[in-house]
Amino acid sequence: MFNLKNRYFISARAIGHILVLLGFGLAASTQDFNYDESKVGSHALPELLRNRDGKKIRDSRQWERTRRPEVHSLFATHVYGRMPGRPVAMHFVSVKDDNMALGGRATRKEIDIHFTSDAGGPVLHLVAWLPNAVPKAPVFIGLNFMGNHSVHADTGITVTDTWRSLHPDKEATRALQTERWQVDTLVAHGYGLATAWYQDLEPDRVDGWRTGIRSTLAESLGIRPTEWAALAVWGWGLSRILDWLETEPRADAMRVVATGHSRLGKGALWGAANDTRLAMVVSNESGEGGAAISRRNFGETVTRINTNFPHWFIDAYKVYNGAPERLPVDQHMLLALIAPRPLYVTSAAEDLWADPTGEYLGAWHACSAYSLYGKKGLPSPTPPGVNQPIGATVRYHRRTGKHDVTLYDWQQYIAFADEMFAK
Ligand code: GTR
């Protein structure tokens, strides 16, 4: 069936491939990615538990005092840019509440996060559901791709002005991504959900920074637009959602799970690396620039991602086009910045572009940071078969099917959160 969902999926994901196939003469060519495991070759990863001065890290104290800040700063300098704090004038405006949402099982809240005192300034429009049966619920948070009204069939969800301004056919995406969000399942298990449209923060295009918060908040945040990039902006947005949850009595802000799919998974990882208040992290098929090892020559490459999406990373990252082996970091080190917090990394078997094996290895090589805290991660360097979640505080699964978020994925996240939060 050719519906809008499929059309979006194709335009967002396959555009790079199509341009290459049509020979549009991008800097990247078909040689820039590989789907043949026998051609992956070998690579040596930067050592996670050794400082740049050569000193070996032996315990969590040394990690937190020396190596963790060093790794964090390498990612800030070479990959994502630095992360600003919260705007001083930020405030929350309740737009509407419905305490009989989802057939009486949840309270749906719409909150506008204003980043400036001026009502005409940038706003992140949030929709949240909190289970009525739980006085203080743990909450999953994540940005959505197609507007708040796409995540559930409830027609009470506002189609926001920001979405409408870019999409005149405003109802077209209502309830189109319900599979990806599973609001009812979360609420039935005692979890809340808070989500917002990612492009409220920065439009996802090369010049999106001009109208996004990298420009509008440059002065109040004290950061120039070139000092960070879109993935960091989206990760920063999760921290602002958490700021609101901290003010919401029905939410347990100590048990908030940051989630993100694909590009938003990359952003969620960097966001959670910067904000240790986020208690648990889910990277859903985040691939290149997310959980997948960049040096592994399989699927998307540094060159391809920098060519197709130059606005996602800072300019310094472009230096590594065609030369990921020169990076002072690799993505296992990003995942290690989440330690000792619970981390769930997923892949999909048909999502070769994201390199499922590379995502597994990213998680595997991060486990030594968890060991410093006496936490068990994954049991083996070999990825499991399909639909076999494995691991303790670091968990992984490779689902059957394509690049997506499904009920199966959510069921695993809920089981993981139940276990980690010992509900
Ligand atoms: C792809 C991109 C991936 C991933 C994906 C998505 O086209 O190459 O890195 O982020 O988009 O976000 O859906």
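Nothing fancy with the numbering, it's 1 onward along the sequence. Counting convention: from 1, in listed order, for ligands and their atoms alike.
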Is the contact between Glu300 and ligand 1 made by the side chain, the backbone, both, or neither, using heavy atoms and a 4.0 Å cut-off?
side chain
Looking at CZ of Arg214 and NE2 of His311, how far apart are the two atoms once the value is rounded to the nearest 0.5 Å?
8.5 Å
Below 4.0 angstrom from a heavy atom of Ile305, which ligand 1 atoms are there? Numbered from 1 as shown, please.
9 (O)
Which of the numbered atoms in ligand 1 are under 4.0 angstrom from any heavy atom belonging to His403?
6 (C), 13 (O)
Does ligand 1 have an atom that lies less than 4.0 angstrom from a heavy atom of Lys266?
yes
Could you walk me through whether His149 and Trp163 pass the ring pair (Phe, Tyr, Trp, His ring centres under 6.0 Å) test, one step at a time?
CA-CA 10 Å; His149 58 283; Trp163 171 271; 5.2 Å; yes
What is the distance from atom CG of Leu242 to atom CZ of Arg86, rounded to the nearest 0.5 Å?
9.5 Å
Show which atoms of ligand 1 fall inside a sub-4.0 Å distance from at least one heavy-atom site of Ser262.
4 (C), 5 (C), 6 (C), 10 (O), 12 (O), 13 (O)
Between Trp236 (side chain) and Gly85 (backbone), is there a donor-acceptor pair under 3.5 Å?
yes
Under 4.0 Å to a heavy atom of Trp312 - the qualifying atoms of ligand 1, by number:
9 (O), 10 (O)
Salt bridge (charged side-chain N to carboxylate O under 4.0 Å, His left out) partner of Arg399, chosen from Asp351, Asp409, Asp404:
Asp409
Please tell me whether Phe33 and Trp353 form a close aromatic pair, meaning their ring centres lie under 6.0 Å apart.
yes
Under 4.0 Å from any heavy atom of Arg263, which atoms of ligand 1 are there?
5 (C), 6 (C), 10 (O), 11 (O), 12 (O), 13 (O)
